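Note that this is a predicted model, so its numbers are computed, not measured. Naming convention: chains lettered A, B, ... in sequence-line order (proteins, then strands); numbering from 1 in each chain.
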Amino acid sequence: MKLLQLHVDYIDYRPIEKEIEGAEASSGPERVEDAVVCFVSVEEGDDDGVAVRAVEELKASMDELKASRLLIYPYAHLSNRLAPPSRALALLRLMEDKAKERGIEVHRAPFGWLKSFELKLKAHPLAERFKEIGGEAVPKALVAEEKLKSYWYIITPEELIPVDEFDFSNYGDLERLARYEMAKSRAEHVIPPHVELMKRLELADYEPGSDPGNMRYYPKGRLVKSLLEEYVTEKVVEYGGMEVETPVMYDSAHPSLSSYLNRFPARQYMVRSEGKELFLRFSACFGQFLMAKDAELSYRHMPVRLYELTRYSFRREKRGELSGLRRLRAFTMPDCHALCADMDQAKEEMVRRLKLSMEVLEGVGLGGSYELAIRFTKDFYEQNRDFVHRLVGLVGKPALAEMWEKRFFYFVLKWEFNFIDSLGRASALSTDQIDVENGERFGIKYVDRDNVKRSPIILHNSPSGAIERVMFALLEKAYKDMKEGKVPTLPTWLLPIQARVIPVSGVHLEYAREVMERLDGSGVRVDLDDREETLSKKVRRAEMEWVRYIVVVGEEEVKSGRISVRDRVKREVRRMGVEELIKEVKKEVEGKPFRRLPLPKLLSKRPTFHPL
RNA sequence: GCCUCGGUAGCUCAGCGGGUUAGAGCGCUGCUCUGGUAAGGCAGAGGUCGCGGGUUCAAAUCCCGCCCGAGGCUCCA
């Protein structure tokens with residue numbers, strides 16, 4: 001809503017003729033003296049809240065001007081994205097009522113008329129003002145969510161225990177999760193440890209030239225991220241996911257999409273193009289649902305599993321919510337939907353996906369580092385008690401449960417695995433939901449056994465959660481280890497540099513290069529520190545870069561043909577043959593994706609993106 | 001978005017009750033050292049003091065706005 005506010009000695013206006021069909025009845029010409037005239041354009045997306053705020057702002061500036069008389073004057077020329085006339089008129093009337101309630105003497109010029117006017121503006125600095133109210137409509141889901149009523153429990157395979165009655169003595173992280181979810185966390189003025197690490201290890205960094213929450217990934221970060229992406233994708237394909245790719249932006253005027261937007265509590269990035277308002281996807285749902293709607297589906301195909309690794313999904317989170325790799329505005333999310341014929345099939349499928357998610361977290365190195373939270377409506381719980389407790393049983397430890405009195409979201413049950421970081425905050429990783437709305441909303445149909453078309457129940461699973469968030473959790477976990485006196489590291493298959501060859505002096509460089517090439521040729525991610533530095537200094541640097549195997553070669557190694565290997569994790573130096581080391585690394589990374597080092601192998605040739 | 005705190009060399013930070021050429025360590029460049037498992041020695045280069053505006057004879061230092069970061073409110077992948 002746009003407001004042009006003028007403090008006038010007088011204004012005369014005269015309705016000439018109706019401009020639109022929905023024009024109001026006119027009460028004829030009017031003269032208002034010593035008043036504030038407010039020219040108003042009501043814009044697309046303005047709601048009652050905008051009108052109310054507009055009146056509050058008007059009231060405030062009228063108090064300042066010591067004015068008590070207001071003329072609300074519909075004026076379409078302040079905006080090129082006007083609301084429909086009926087909506088505009090409704091809001092103008094609302095403004096009139098609200099202003100009266102605030103004790104203002106209100107006049108209002110008729111809506112929908114061609115009018116002429118003449119006015120005399122008061123000559124003082126505050127006499128002319130322009131205001132813009134709203135601009136962004138808060139999705140209804142965000143507003144409604146705040147009012148949502150829910151009850152908290154600890155759930156075990158057998159029972160549901162009110163949170164206050166549960167003995168947390170052996171469940172520290174679960175208690176932290178419950179605290180975090182139910183209450184507000186206390187203020188801690190600390191830079192998150194993973195932010196420090198992501199920079200120091202040259203993985204990722206903030207990009208001030210973009211929008212907050214959009215990161216840059218250096219070669220090592222891109223490598224780690226690629227490996228995780230590849231791993232998760234392989235696991236999902238193995239489970240039966242069909243990998244697809246869909247657009248990153250969608251028309252917000254599309255009927256199914258706009259109604260879905262109102263059911264999802266998040267803010268969107270908007271892009272304008274050729275008169276369209278496009279929003280950037282916050283998940284892969286749209287693309288996959290639109291694809292499923294156009295597909296020919298039979299009960300024989302169910303469950304149908306569509307998978308996409310979104311690079312990116314976008315959510316315009318509030319500034320204060322953004323935090324390193326933990327919470328971003330652009331993030332990479334594996335998103336796998338399963339279209340299920342009925343609730344029984346959906347439940348069975350959800351069990352498979354819970355297992356898949358556990359395997360994936362185990363594989364990336366977060367096995368055992370998460371707590372389950374499970375949320376459901378009261379109705380669903382009462383009808384599916386056994387199933388809910390069975391899910392909890394699969395994870396094998398008590399979990400946090402939230403029970404909603406009524407269904408507000410599109411799902412009836414949702415679970416997440418939460419990682420608890422060193423600051424006691426919970427972050428969701430894997431998640432799955434049982435969606436009972438969107439099959440119908442998007443017009444997705446399958447032909448059932450009885451030749452009737454039905455809409456499927458849809459599961460929304462991210463087996464790992466956002467890839468960036470997995471990186472966050474791995475770094476936070478390493479930090480926790482460090483605090484406990486252990487060596488902070490990543491799983492070997494994710495280490496940017498698995499092995500580094502260091503010659504004792506320049507004369508051993510050629511031999512060192514041979515050793516490096518043998519390792520490289522066997523699929524070990526290796527490099528060579530050929531800089532003119534002391535041995536100690538080069539070892540120190542390798543340690544700080546979290547290189548797992550530090551291979552030193554000098555006179556003795558040249559003679560014996562064996563190498564000296566410093567194992568950073570086991571904290572020991574061993575002598576072995578090159579083949580032995582290769583075998584050991586291979587065993588460490590078995591079954592995991594491999595990528596070559598995307599950096600010059602010689603340290604002397606390598607630029608620094610972020611100093612240690 | 002709002003509230004609180006911060007932004008000085010590539011990095012980490014000192015200086016900031018206004019006033020000569022803005023400092024340190026690390027990193028970088030050069031020289032020296034040919035060194036056996038977490039920092040060898042010497043020298044040098046490098047700064048729009050976040051950006052813009054204001055106050056002042058004079059601003060890194062005081063004031064305002066903006067940008068970026070951290071924390072909170074809030075919410076999630």
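Atom C1' of nucleotide B/C68 and atom CG of A/Asn214 are separated by 14 Å, given to the nearest angstrom. Rounded to whole Å, atom P of B/A77 lies 15 Å from atom CG of A/Leu459. Between the OH atom of A/Tyr312 and the P atom of B/C76 there is a distance of 24 Å, given to the nearest Å. Summarising the geometry, the separation between CH2 on A/Trp546 and C1' on B/A38 is reported as 16 Å, rounded to the nearest angstrom. Remark: P of B/G41 and CD of A/Glu532 are 17 Å apart, rounded to the nearest angstrom. The CD-C1' distance, from A/Glu545 to B/A39, rounds to 15 Å in whole Å. Per the geometry, CZ belonging to A/Arg531 stands 16 Å off P belonging to B/C31, to the nearest Å.
Here B/G72 is the nucleotide among B/C28, B/G72, B/A38 with the atom lying nearest to any side-chain atom of A/Arg425. The A/Lys414 side chain lies nearest to B/C76 when the options are B/U34, B/A38, B/C76. In this structure, of B/G35, B/C76, B/A38, it is B/G35 that holds the atom nearest to the side chain of A/Val504. The side chain of A/Lys537 has B/G40 as its nearest neighbour among B/A77, B/G36, B/G40. Listed nucleotides: B/G69, B/G1, B/C11. Nearest to the side chain of A/Lys318: B/G1. Listed nucleotides B/G36, B/C75, B/A77 differ in distance to A/Ser564; the shortest reach to its side chain belongs to B/G36. Of the candidate nucleotides B/G71, B/C76, B/U37, B/G71 has the atom nearest to the side chain of A/Pro192. Taking every side-chain heavy atom of A/Thr534 into account, B/G40 is the closest of B/U37, B/A77, B/G40. Side-chain proximity of A/Ala466 to the nucleotides B/A77, B/G36, B/U37 is greatest for B/A77. Of the candidates B/U34, B/C76, B/A38, B/U34 carries the atom nearest the A/Ser505 side chain, counting heavy atoms from C-beta on.
As judged by a 4.0 angstrom heavy-atom cut-off over every strand, A/Glu557 is placed among the base-contacting residues. The residue A/Arg200 sits apart from the nucleic acid: no heavy atom pair falls under 4.0 Å. As judged by a 4.0 angstrom heavy-atom cut-off over every strand, A/Arg281 is placed among residues making no nucleic acid contact. Residue contacts for A/Glu468: at a heavy-atom cut-off of 4.0 Å it reaches no nucleic acid atom on any strand shown. As judged by a 4.0 angstrom heavy-atom cut-off over every strand, A/Leu328 is placed among the base-contacting residues. No contact: A/Ala542 has no heavy atom under 4.0 Å from any strand.
No hydrogens or angles were tested; on distance alone, a donor-acceptor pair under 3.5 Å links the side chain of A/Arg315 to the base of B/A77.
Under a 4.0 Å N-O distance rule, the pair A/Glu572/A/Arg574 qualifies as a salt bridge.
The C1' atoms of B/C33 and B/G40 are separated by 7 Å, rounded to the nearest whole Å.
The distance from atom OH of A/Tyr410 to atom SG of A/Cys285, rounded to the nearest 0.5 Å, is 5.5 Å.
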